[in-house]
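Counting convention: from 1, in listed order, for ligands and their atoms alike. Count residues from 1 along the sequence.
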Amino acid sequence: MHQTRSTPPVPAIPTVTLNDGTELPELGLGTYKLLGEEGVASMAAAIRSGYRLLDTAVNYENEAEVGEAVRGSGVAREEIRVATKLPGRHHGYEETLASAEASLAALGLGYIDLYLIHWPNPSVDRYVDTWRAMIDLRERGAVRSIGVSNFTEEMLARLVEETGVTPSVNQVELHPYFPQAALRAVHAELGIRTESWSPLARHSDLVEEPVVTRLAAARGITPSQLVLRWHVELGSTPIPKSSNPERQRVNADVFGFSLAGDEIEEISGLERGRMWDFDPNTHEEM
Ligand SMILES: NC(=O)C1=CN([C@@H]2O[C@H](COP(=O)(O)OP(=O)(O)OC[C@H]3O[C@@H](n4cnc5c(N)ncnc54)[C@H](OP(=O)(O)O)[C@@H]3O)[C@@H](O)[C@H]2O)C=CC1
Ligand SMILES: O=C(O)C(=O)[C@@H](O)[C@H](O)C(=O)CO
């Protein structure tokens with residue numbers, strides 16, 4: 001892979017083994033809002049920097065761009081993990097099978113590495129049927145690993161009780177303002193890997209918090225790197241989105257150091273709750 005002196009590769013992003021035996025990188029690229037040729041170029045740059053996990057969704061309307069970036073990357077298909085997500089309007093057994101076919105066609109990568117239910121949409125109450133279809137899709141080989149997003153402890157328990165199959169991943173809002181300690185403990189108990197969405201809290205005031213700037217300066221790293229390493233230390237896979245190759249490179253360069261326990265605690269002390277009004281018990285996303 002072509003690398004110039006000014007853009008050295010970042011240390012390799014390690015992987016973890018999920019409860020179904022598949023591997024997931026410990027950090028990936030969020031692709032929400034990466035669209036069109038510019039989006040493909042951003043994703044391609046990330047792959048050149050060493051990203052091996054791309055996170056998309058039907059609702060991001062960029063599965064085709066993700067597929068194009070992966071196919072054009074020169075990296076072997078099996079070295080890259082692509083996660084996509086089923087939208088609320090496709091909940092239901094038959095609807096899920098049809099939606100998966102459409103995602104497979106849009107991606108054009110042969111199979112989906114990680115297939116997630118994007119939101120539980122509890123008022124519709126079809127996520128268990130949706131899950132049954134996902135189990136079948138995995139058995140058919142169309143999908144390698146199946147998981148969920150924005151599921152609560154009760155919803156996870158219901159999936160396991162009614163189907164006997166535990167999700168490999170639960171992708172949830174998680175950042176220093178909302179560290180999700182209780183849900184992470186549930187995940188640890190069930191063997192579910194946590195993924196952090198909006199891991200930088202969308203690069204809000206978070207990176208200007210005195211705790212964050214002080215700890216980052218003391219280590220000679222950027223605030224974003226400090227926050228992303230905090231996710232890694234918690235055992236959660238962050239999927240920061242950046243359209244910019246240099247920021248992508250910086251964000252991925254968090255595997256050459258670790259944080260001490262008191263640093264992790266100080267960062268977690270920023271807790272104040274959800275950043276957005278996206279409570280999975282009430283938020284419905286179609
Ligand atoms: N499952 C779910 O319900 C959800 C999933 N997601 C997933 O999580 C991903 C990440 O979350 P997202 O909401 O995008 O928020 P992030 O916390 O990843 O923040 C992204 C923002 O931060 C900026 N940014 C990133 N890195 C840096 C940096 N080093 N310095 C300065 N600015 C930076 C980006 O701008 P720029 O591009 O200009 O660098 C962008 O504006 C999404 O893309 C999506 O894949 C998100 C929300 C919900
Ligand atoms: O980006 C996602 O995955 C979502 O679920 C969206 O709800 C997103 O968070 C958003 O902000 C939509 O306006």
Side-chain angles (χ1 to χ4, degrees), residues 10 25 27-36 38-39 41-43 45-46 49 51 53-63 65-66 69 81-90 113-121 127 147-152 155 167 169-180 183 193-209 212-213 216 221-231 236-254 270 274-286:
V10 297
L27 182 145
L29 181 77
T31 71
Y32 183 45
K33 292 190 185 295
L34 297 181
L35 297 167
E38 273 184 34
S42 290
M43 297 177 207
S49 285
Y51 285 76
L53 167 64
L54 273 65
D55 181 84
T56 181
V58 170
N59 279 347
Y60 302 168
E61 298 181 345
N62 65 359
E63 289 177 309
E65 283 92 326
V66 170
R81 300 283 179 273
V82 171
T84 193
K85 312 188 197 81
L86 177 102
R89 64 185 176 281
H90 295 166
D113 296 276
L114 176 61
Y115 198 28
L116 307 179
I117 303 177
H118 200 151
W119 285 89
N121 288 14
Y127 63 77
V148 295
S149 178
N150 300 300
F151 272 50
T152 64
M155 294 164 184
V169 158
N170 189 17
Q171 184 185 111
V172 294
E173 179 181 350
L174 202 163
H175 40 69
Y177 290 141
F178 193 46
Q180 295 261 30
L183 188 57
R193 177 71 181 179
T194 311
E195 281 193 338
S196 308
W197 63 252
S198 296
L200 299 170
R202 294 198 174 153
H203 219 263
S204 54
D205 299 344
L206 175 63
V207 288
E208 279 154 33
E209 292 283 355
V212 171
T213 54
I221 58 176
T222 71
S224 302
Q225 287 175 316
L226 182 85
V227 169
L228 291 167
R229 182 67 208 187
W230 171 86
H231 287 271
S236 184
T237 295
I239 45 170
K241 173 263 175 182
S242 180
S243 56
N244 175 281
E246 179 53 23
R247 291 197 284 278
Q248 291 169 351
R249 204 192 61 75
V250 167
N251 290 348
D253 191 2
V254 297
L270 289 168
R274 293 182 198 285
M275 283 281 285
W276 301 280
D277 188 20
F278 283 160
D279 180 343
N281 286 301
T282 50
H283 180 72
E284 307 274 323
E285 184 148 310
M286 301 313 285

Specify whether Trp276 and Phe278 have parallel, tilted or perpendicular ring planes, treating 30° as the upper limit for parallel and 60° as the lower limit for perpendicular.
-> tilted
Please identify which atoms of ligand 1 are closer than 4.0 Å to at least one heavy atom of Thr31.
-> 43 (O), 45 (O)
Per-residue contact class, Glu285 against ligand 1 - non-hydrogen pairs under 4.0 Å | neither
Does the side chain of Asp55 pick up a donor-acceptor pair with the side chain of Gln171 at under 3.5 Å?
-> yes
Near Gln171, which atoms of ligand 1 are under 4.0 Å from a heavy atom of that residue?
-> 1 (N), 2 (C), 4 (C), 5 (C)
Distance only, no hydrogens: is a donor on one side chain within 3.5 Å (strictly under) of an acceptor on the other, for His231 and Ser196?
-> yes
Closer than 4.0 Å: a protein non-hydrogen atom to atom 41 (O) of ligand 1 | no
Just do the ring pair (Phe, Tyr, Trp, His ring centres under 6.0 Å) check on Phe151 and Trp119 with the steps written out, would you?
-> CA-CA 7 Å; Phe151 272 50; Trp119 285 89; 9.6 Å; no
Atom 8 (C) of ligand 2 - nearest protein heavy atom and its distance | Arg202 NH2, 3.7 Å
Identify, by atom number and element, the atoms of ligand 2 in contact range of Tyr60, meaning under 4.0 Å from any of its heavy atoms.
-> 1 (O), 2 (C), 3 (O)
So is there a nitrogen or oxygen of Ser198 less than 3.5 Å from a nitrogen or oxygen in ligand 1?
-> yes
Got an N/O contact under 3.5 Å between Ser149 and ligand 1?
-> yes
Arg89 side chain to Asn59 side chain, donor-acceptor N/O pair below 3.5 angstrom = yes
Check: Val250 N/O within less than 3.5 Å of ligand 1 N/O | no
Ligand 2 versus Lys85: contacting region, heavy-atom distance under 4.0 Å = neither
Who's the nearest protein heavy-atom neighbour of atom 4 (C) of ligand 2, and how far?
-> Glu285 OE2, 3.4 Å
Against heavy atoms of Trp119, which atoms of ligand 2 measure under 4.0 Å?
-> 5 (O)
Mind checking whether Phe278 contacts ligand 1 via backbone (N, CA, C, O), side chain (CB onward), both or neither, at a 4.0 Å heavy-atom cut-off?
-> neither
Hey, looking at atom 22 (O) of ligand 1, which of His203, Gln225, Glu246 has the closest heavy atom?
-> His203
Answer with side chain, backbone, both or neither: which part of Ala57 has a heavy atom less than 4.0 angstrom from an atom of ligand 1?
-> neither
Quick one: do the Tyr60 and Lys85 side chains pair a donor with an acceptor below 3.5 Å?
-> yes
Under 4.0 Å, heavy atoms only, figure out whether ligand 1 is touched by the backbone of Asn150, its side chain, both or neither.
-> side chain
For ligand 1, which part of Ser224 has a heavy atom less than 4.0 Å away: the side chain, the backbone, both, or neither?
-> side chain
Check: Glu63/Thr84 side-chain N/O donor and acceptor closer than 3.5 Å | yes
Where the closest heavy atom to atom 13 (O) of ligand 2 is concerned, which of Trp276, Trp197, Tyr32 has it?
-> Tyr32
Ignoring hydrogens and angles, tell me if any N or O in the side chain of Glu173 forms a donor-acceptor pair with the backbone of Met275 under 3.5 Å.
-> yes
